[in-house]
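Right, one structure below, let's go through it.
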Amino acid sequence: MEPNFWQNKWQSNKVGFNQSKPNTLLMKHFSALQLPPNSCFFVPLCGKSIDMVWLADQGCDVVGVELVELAVEQFFEEHQIQPTVVEHPTTPNLKYYQGHLNSQTITLWVGDIFELTSQDLGPVDAIYDRAALVALPDDGSEDSLRVRYSQQLIKLAPKAQQLLLSFGLSGVDEAEYAKYSGPPFLIPSQQIYDYYQQAYDISLVEAYETQQVNSEGNPFLNLAWQLVPH
C-alpha cells in the first residue's frame, strides 16, 4: 500500500473512517487501563481523530503519528489550537506539530511511523490503536506491512499497554476473512496473537455485532482487545 493511497484519500476528502464522535469502545474500556493522571497515549496513524480530544479531556497527553500532513493541519485548525511546528533534527522527512488542549500536550508527528524512534516519542504509558492495524494489509509473508507495523509498535513503546480495536464477521470462519478487501481489513483472532503474544498478555474484552452486514446477511463485528506487556 503506497503513501499516495492515503494522500489521495485526504486530498479528495474520502475519509469515512474519520469519526465525528469519540469511539464508544474507547470510552467504555479506558478506565480498565488504570492509568495515572497525565499519562501519555500514543495514537498511531492518528489522522485527525476526535478520540485524541477525548483523551486530552481525560487528563492525558497525546502523541500521534500521521503520514498525511493535511490531516494533522486539519486537526489543529478544527480545534482552534495554534501549534508549534518543529522539524526533526536528523530525519528530514519527519516533523511534529505540538499544541495544548485542556492543559494537556498534543504532539502529532508527520511522517512514516517506521522512521520514528522511541526517543522521538518519549515515555508512553498506553497505545490506542483504533484504525492503524486494520488499515494495513498482510499478504502472509514475514515482512508484510502489518507484521512490520506490529513489531514497530513494540519497539517504540515496549512498556506500554494497548487498547486495540479490530473488525471481524459473525457466523463466518475466520479463515475466510482474507476474501474481504480493505482497508479496513478483517483480522482473524489468531493473527492478533501471532503479532503480539511474544510481548503481551492478550485479552478480548468485548465483541459485538454491528448494523452492517455482508452480502449474505452476516453482521460485521467490532472487537476490543487489551494488551498488557509481560
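Sequential numbering from 1 along the given sequence is applied to the chain's residues. Heavy-atom basis, side chains included; hydrogens, waters and symmetry copies ignored.
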Can you see which heavy atom on [X] is nearest to which on [Y], and at what distance?
X: D139; Y: S141; result: OD1-OG, 2.6 Å
X: Q191; Y: R146; result: OE1-NH1, 2.8 Å
X: P183; Y: A135; result: CB-O, 3.7 Å
X: Q161; Y: L33; result: NE2-O, 2.9 Å
X: L55; Y: V62; result: CB-CG2, 3.9 Å
X: T210; Y: P219; result: O-CB, 3.8 Å

[atom2] on [Y] to [atom1] on [X], rounded to 0.5 Å:
X: L164; Y: S203; atom1: CG; atom2: OG; value: 12.0 Å
X: T105; Y: D61; atom1: OG1; atom2: CG; value: 4.5 Å
X: M27; Y: Q58; atom1: CE; atom2: CD; value: 9.5 Å
X: Q162; Y: S150; atom1: CD; atom2: OG; value: 9.0 Å
X: T117; Y: L156; atom1: OG1; atom2: CG; value: 7.5 Å
X: I192; Y: L227; atom1: CD1; atom2: CG; value: 8.0 Å

Check against side chain to side chain contact (heavy atoms under 4.5 Å, CB included), D125 and F42: CA-CA 8 Å; D125 299 291; F42 176 44; over 6 Å; no

State whether the side chain of [X] and the backbone N or O of [Y] hold a donor-acceptor pair below 3.5 Å, judged by distance alone.
X: S49; Y: C46; answer: no
X: D173; Y: E176; answer: no
X: E66; Y: V68; answer: yes
X: Y177; Y: L169; answer: yes
X: N214; Y: E216; answer: yes

Test log, rule side chain to side chain contact (heavy atoms under 4.5 Å, CB included), inputs L67 and W109: CA-CA 8 Å; L67 185 65; W109 285 92; over 6 Å; no

Is any side-chain heavy atom of [Y] closer than 4.5 Å to one of [X]?
X: T107; Y: Y97; answer: no
X: L221; Y: F167; answer: no
X: I187; Y: L133; answer: yes
X: F75; Y: I106; answer: yes
X: E206; Y: L223; answer: no
X: Q82; Y: F76; answer: no
X: W225; Y: L165; answer: no
X: F114; Y: Y149; answer: yes

Transitively linked via ILVMFWY side-chain contacts under 4.5 Å: [X] with [Y]?
X: Y195; Y: V228; value: no
X: V85; Y: V72; value: yes
X: L26; Y: V205; value: no

Modelled atom types, side-chain donor and acceptor of S189 and E174, under 3.5 Å: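 The criterion, which ignores hydrogens and geometry beyond distance, is satisfied for E174 and S189.
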
Distance-only donor-acceptor check, side chains E209 and S170, under 3.5 Å: yes

Stepwise salt bridge (Lys or Arg N to Asp or Glu O under 4.0 Å) test for E73 and K48: CA-CA 8 Å; E73 292 173 341; K48 59 174 182 178; over 6 Å; no

Side chain to side chain contact (heavy atoms under 4.5 Å, CB included) between H88 and D120, worked out: CA-CA 9 Å; H88 194 284; D120 295 326; 2.8 Å; yes

Side chain to side chain contact (heavy atoms under 4.5 Å, CB included) between L25 and Y208, worked out: CA-CA 10 Å; L25 288 172; Y208 68 88; 3.9 Å; yes

Passing candidate, side chain to side chain contact (heavy atoms under 4.5 Å, CB included) with L116, options V65, T91, V63: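 The option that passes is V65.
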
Carboxylate-amine/guanidinium proximity below 4.0 Å for R130 and D51: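 Judged by the 4.0 Å cut-off on N to carboxylate O distance, R130 and D51 do form a salt bridge.
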
Centroid-centroid distance, F30 to W54, less than 6.0 Å: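 Yes, close enough.
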
